[in-house]
Amino acid sequence: MVTLPDELYKMKGVFSLIHKLEHIGVMVKDMDASIRFYTEVIGMKLVKRKALADGVELGFMSFPDSDKIEIELIGRGHDGLPDNGLVHHIAFTVSDIQAEIDRLKTFNVKLMDETPRTILEGDLIAFFFGPDGERLEFFQPASQ
């Protein structure tokens, strides 16, 4: 973790231009399959889907009760996804991680973790994969 000098924190407006995490872009091979996955398995909704002039198709996903953070699905319509286009992982906060893992199994989702792992001071995590091999994580804070 980078530590900034105290005087930077005291400067007016140092962090005022950053308001929130806007979206996370994930390169996908099959837009329809990815939209189905993020709606049926993760519980998100499709907010907007648009094809751009250069052949790129975008799909914006958010949770039904919150549009504060979106996942932007970026499709090029072929298997040759660039190395720099994939995201390492996207984490979703859950209230019952084991129940969510069990639910993923009913969808035959490929799991990295069959059971939750404990990290830091009691937080639980479990990784699994989306339809294009993107790494996804369930995160249950220790306070729950």
Side-chain angles (χ1 to χ4, degrees), residues 1-4 8-9 11-144:
M1 175 180 241
V2 176
T3 303
L4 298 175
L8 283 180
Y9 286 109
M11 291 173 58
K12 183 178 179 179
V14 168
F15 297 106
S16 65
L17 297 178
I18 300 173
H19 301 280
K20 68 180 182 83
L21 175 63
E22 178 61 31
H23 67 266
I24 301 165
V26 178
M27 298 293 289
V28 301
K29 289 183 265 189
D30 182 332
M31 185 64 74
D32 291 329
S34 292
I35 289 170
R36 263 192 317 279
F37 178 83
Y38 284 97
T39 56
E40 294 173 10
V41 177
I42 301 299
M44 300 182 92
K45 66 178 181 179
L46 178 64
V47 176
K48 179 171 41 174
R49 184 174 182 174
K50 182 153 178 81
L52 304 179
D54 62 0
V56 173
E57 183 178 17
L58 303 178
F60 290 91
M61 312 296 296
S62 71
F63 285 101
D65 296 334
S66 173
D67 60 356
K68 297 193 183 299
I69 298 177
E70 293 181 327
I71 294 177
E72 175 188 23
L73 304 175
I74 307 164
R76 292 199 172 270
H78 59 79
D79 290 342
L81 298 177
D83 290 340
N84 63 356
L86 298 177
V87 172
H88 183 267
H89 77 275
I90 302 168
F92 302 96
T93 301
V94 299
S95 55
D96 185 340
I97 196 166
Q98 188 59 59
E100 290 299 326
I101 291 170
D102 293 342
R103 193 175 66 82
L104 289 179
K105 290 176 183 177
T106 69
F107 285 97
N108 295 316
V109 172
K110 183 177 177 187
L111 303 174
M112 286 181 63
D113 299 304
E114 294 277 337
T115 57
R117 291 186 277 149
T118 303
I119 61 167
L120 302 173
E121 296 170 17
D123 296 331
L124 299 176
I125 63 169
F127 284 94
F128 58 100
F129 295 100
D132 288 299
E134 66 271 26
R135 186 185 305 211
L136 304 171
E137 174 189 353
F138 283 146
F139 174 84
Q140 182 177 323
S143 61
Q144 292 187 3

Original post:
Quick one: are Leu73 and Met61 in side-chain contact, heavy atoms under 4.5 Å?
Top reply: yes
**OP:** Look up atom CZ in Phe139 and atom NE2 in His89, then write down how far apart they are to the nearest 0.5 Å.
**Re:** 10.0 Å
**OP:** May I have the step-by-step check of side chain to side chain contact (heavy atoms under 4.5 Å, CB included) for Thr115 and Ile101, ending in yes or no?
**Re:** CA-CA 7 Å; Thr115 57; Ile101 291 170; 5.7 Å; no
**OP:** Say whether, by atom type as modelled, one donor and one acceptor occur between the side chain of Asp123 and the main chain of Ala142 under 3.5 angstrom.
**Re:** yes
**OP:** Please check if the side chain of Thr106 supplies one atom and the backbone of Arg103 the other of a donor-acceptor pair under 3.5 Å.
**Re:** yes
**OP:** State which residues pass side chain to side chain donor-acceptor pair (under 3.5 Å) with Asp102; sequence neighbours excluded, sorted by chain then number.
**Re:** Gln98
Original post:
Is the closest side-chain heavy-atom distance between Ile74 and Val56 below 4.5 Å?
Top reply: yes
**OP:** Locate the shortest heavy-atom distance separating Pro141 from Thr93; write the atom from each residue and the value.
**Re:** CD-CG2, 4.0 Å
Subject >> Glu72 side chain vs His23 backbone, donor-acceptor pair below 3.5 Å >> reply: no
Original post:
Does the side chain of Leu58 come within less than 4.5 Å of Leu52's, by heavy atoms?
Top reply: yes
**OP:** Please list, chain by chain and in numerical order, all residues satisfying side chain to side chain donor-acceptor pair (under 3.5 Å) with Glu40, sequence neighbours excluded.
**Re:** none
Subject >> From OH (Tyr38) to CG (Leu46), nearest 0.5 Å >> reply: 13.5 Å
**OP:** With the side chain counted from C-beta on, respond yes when Val28 and Pro131 share a heavy-atom pair under 4.5 Å apart, and no when they do not.
**Re:** no
Original post:
CZ of Arg117 to CD of Glu137: how many Å apart, nearest 0.5 Å?
Top reply: 8.0 Å
Original post:
Measuring from Leu111:CG to Phe129:CZ, what's the distance to the nearest 0.5 Å?
Top reply: 9.5 Å
**OP:** Report yes if the side chains of Glu134 and Met27 come closer than 4.5 Å at any heavy-atom pair, otherwise no.
**Re:** no
Original post:
What class does the angle between the rings of Phe128 and Phe37 fall in, given that below 30° is parallel, 30 to 60° is tilted and above 60° is perpendicular?
Top reply: tilted
**OP:** Give a yes or no on this: more than 12 heavy atoms of other residues, nucleotides or ligands lie within 6.0 Å of atom NZ of Lys105.
**Re:** yes
Original post:
Side chains of Ile71 and Ile90: closer than 4.5 Å at any heavy-atom pair?
Top reply: yes
**OP:** Mind listing the closest non-hydrogen atom pair of Ser62 and Val47 along with its distance?
**Re:** OG-CG2, 3.2 Å
Original post:
Roughly how far, to the nearest 0.5 Å, is CD1 of Ile119 from CD1 of Ile125?
Top reply: 4.0 Å
Original post:
What distance separates Phe138 CZ from Ile42 CD1, expressed to the nearest 0.5 Å?
Top reply: 4.5 Å
